[in-house]
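Worth saying up front: this structure is predicted, and the values here are computed from it rather than measured.
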Amino acid sequence: MTLPLSILDLAPIRRDGNAAQTFAESVALAQAAEAAGYRRIWYAEHHNMPGIASSATAVLIAHVANHTSTIRLGSGGIMLPNHSPLVIAEQFGTLETLFPGRIDLGLGRAPGSDMATFQALRRDPAAADAFPHDVLELQAFLSDESRIAGVHAYPGKGTGVPLYVLGSSLFGARLAAQLGLPYAFASHFAPEALQQAVALYRKEFRPSEQLAEPYVLAGVGVVAADSNADAQSGMERVRRERVRRFLLRGQAREFTDDEVDAIIDAGSADQVLRMLTYTAVGTPEAVREYLEGFAAHAEADELITVHALPEAEERLHSVELTAHAMGLAGVAR
């Protein structure tokens with residue numbers, strides 16, 4: 001059986017580009033992924049980040065859905081502490097009504113931004129503590145029952161949009177297991193607790209109406225190219241861009257390639273670069289070997305691939321090479 005592959009589209013805005021270009025590139029990537037046989041594409045909620053265009057996640061999903069026909073689309077994830085469960089139920093209930101059978105709702109507990117931005121969202125820092133309760137409230141709004149008497153999500157009620165718990169720690173693993181929901185581990189940027197979290201999730205999983213058996217999705221970076229030299233060159237640019245984005249937080253200026261390289265060479269970016277621990281780099285054959293080994297290592301039922309090459313054309317090529325190498329075929333289910 002072919003290992004299901006999906007994509008996390010980070011919706012990056014190029015340094016010389018703009019959000020409109022990014023949205024066009026996201027549509028092109030989704031169309032290519034659909035044709036190649038990927039199962040789903042997710043977009044993550046981020047705020048106050050000039051290099052990422054997916055802040056209005058539900059709106060972006062609707063835009064891409066209008067330009068595709070079969071591939072599943074969803075959030076990877078909606079940061080639930082930033083929102084009321086009712087509003088998210090209405091948004092994703094609307095999406096499911098417009099694009100039936102194609103919408104996923106991945107949920108995260110982190111704010112997805114700095115504390116100043118969190119305050120600008122008019123949220124209480126303690127909102128994350130209510131995450132388990134809010135997940136249950138949201139789930140009820142999307143079913144035929146509500147946990148708040150007399151309040152229902154329209155649209156949303158009865159749509160049954162599938163929920164996924166996202167996490168990078170044991171907290172999310174335990175919650176997903178207790179609620180009987182699929183668990184997506186963010187190993188593409190938080191590799192440390194992957195095996196421990198997955199083992200806990202599988203051990204403590206309780207069947208639910210949505211899911212009879214545990215289901216694990218694991219994030220993994222991919223830099224696929226026609227030659228090993230091209231792939232290694234691409235990976236160097238991925239590393240440089242990751243460090244540059246970290247450095248730009250709160251900074252009013254750009255960092256040159258030489259400045260970024262000096263920081264990397266000095267070891268000052270080691271913690272940032274550890275985020276890239278799980279990354280397949282190389283020709284299609286090498287990428288296939290890595291992804292198959294990673295899936296076994298992570299005990300994953302599905303891989304969420306992150307193609308983080310700086311140029312849109314390179315990302316598309318990496319997506320297509322990986323699909324071919326992994327034996328994906330036809331239109332996505």
TODO: Show the numbers, then the answer: is there a salt bridge (charged side-chain N to carboxylate O under 4.0 Å, His left out) between Glu285 and Arg288?
DONE: CA-CA 5 Å; Glu285 294 76 14; Arg288 181 185 69 246; 5.5 Å; no
At what distance, to the nearest 0.5 angstrom, does [atom1] of [X] lie from [atom2] of [Y]?
{"X": "Ser75", "Y": "Phe92", "atom1": "OG", "atom2": "CZ", "result": "4.0 Å"}
{"X": "Arg39", "Y": "Thr70", "atom1": "CZ", "atom2": "OG1", "result": "12.5 Å"}
{"X": "Thr57", "Y": "Gln91", "atom1": "OG1", "atom2": "CD", "result": "8.5 Å"}

State yes or no: do [X] and [Y] share one hydrophobic cluster built from I, L, V, M, F, W and Y residues joined by side-chain heavy-atom distances below 4.5 Å, directly or via other members?
{"X": "Ile78", "Y": "Phe99", "result": "yes"}
{"X": "Val223", "Y": "Leu273", "result": "yes"}
{"X": "Ile88", "Y": "Phe141", "result": "no"}
{"X": "Leu138", "Y": "Leu179", "result": "yes"}

- [ ] Compare every heavy atom of Glu34 with every heavy atom of Ser69, then report the nearest pair and how far apart it is.
- [x] N-OE2, 2.9 Å
Task: Phe131 and Leu107: CA distance, side-chain angles, deciding distance, side chain to side chain contact (heavy atoms under 4.5 Å, CB included) verdict - done: CA-CA 9 Å; Phe131 182 68; Leu107 302 168; 4.1 Å; yes
If you measure from the Lys or Arg side-chain nitrogens to the Asp or Glu carboxylate oxygens, is any gap between [X] and [Y] under 4.0 Å?
{"X": "Glu302", "Y": "Arg40", "value": "yes"}
{"X": "Asp301", "Y": "Arg202", "value": "yes"}
{"X": "Glu259", "Y": "Arg244", "value": "no"}

Open item on the list: Over 60° means perpendicular and under 30° means parallel, so tell me whether His152 and Tyr154 are parallel, tilted or perpendicular.
Closed with: tilted
Side-chain heavy atoms of [X] within contact of [Y], under 4.5 Å:
{"X": "Val281", "Y": "Gln232", "result": "yes"}
{"X": "Ile304", "Y": "His188", "result": "no"}
{"X": "Arg242", "Y": "Val272", "result": "yes"}
{"X": "Leu142", "Y": "Leu105", "result": "yes"}
{"X": "His317", "Y": "Asp226", "result": "yes"}
{"X": "Tyr290", "Y": "Val220", "result": "yes"}
{"X": "Val216", "Y": "Pro182", "result": "no"}
{"X": "Arg147", "Y": "Gln139", "result": "no"}

Quiz question: by atom type and distance under 3.5 Å, do the side chains of [X] and [Y] form a donor-acceptor pair?
{"X": "Arg102", "Y": "Thr68", "answer": "yes"}
{"X": "Thr322", "Y": "His324", "answer": "no"}
{"X": "His67", "Y": "Gln31", "answer": "no"}
{"X": "Asp9", "Y": "Ser26", "answer": "yes"}
{"X": "His83", "Y": "Glu45", "answer": "yes"}

TODO: Applying side chain to side chain contact (heavy atoms under 4.5 Å, CB included), run through Leu166 and Trp42 and close with a yes or a no.
DONE: CA-CA 12 Å; Leu166 279 56; Trp42 280 356; 4.2 Å; yes
TODO: Decide whether a cation-pi geometry holds between Arg109 and Phe171; the criteria are a distance under 6.0 Å from NZ or CZ to the six-membered ring centre and an angle within 45° of the ring axis.
DONE: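 The answer is yes, since Arg109 meets both limits relative to Phe171.
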Task: Centroid separation Phe294 to Tyr278 less than 6.0 Å - done: yes
Open item on the list: As a test of understanding, state which of Val222, Thr305, Val306, Leu303 forms a side chain to side chain contact (heavy atoms under 4.5 Å, CB included) with Ile7.
Closed with: Thr305
Task: Donor-acceptor pair, side chain of Gln195 and main chain of His297, under 3.5 angstrom - done: yes
Open item on the list: Using modelled atom types and a 3.5 Å cut-off, is there a donor and acceptor pairing between side-chain atoms of Ser146 and backbone atoms of Val151?
Closed with: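 Yes, Ser146 side chain to Val151 backbone: donor-acceptor pair under 3.5 Å.
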- [ ] Under the side chain to side chain contact (heavy atoms under 4.5 Å, CB included) rule, what do Ile41 and Ile71 come out as? Steps first, then yes or no, please.
- [x] CA-CA 7 Å; Ile41 300 180; Ile71 195 166; 3.8 Å; yes
TODO: Could you walk me through whether Leu80 and Val135 pass side chain to side chain contact (heavy atoms under 4.5 Å, CB included), step by step?
DONE: CA-CA 8 Å; Leu80 198 51; Val135 172; 4.0 Å; yes
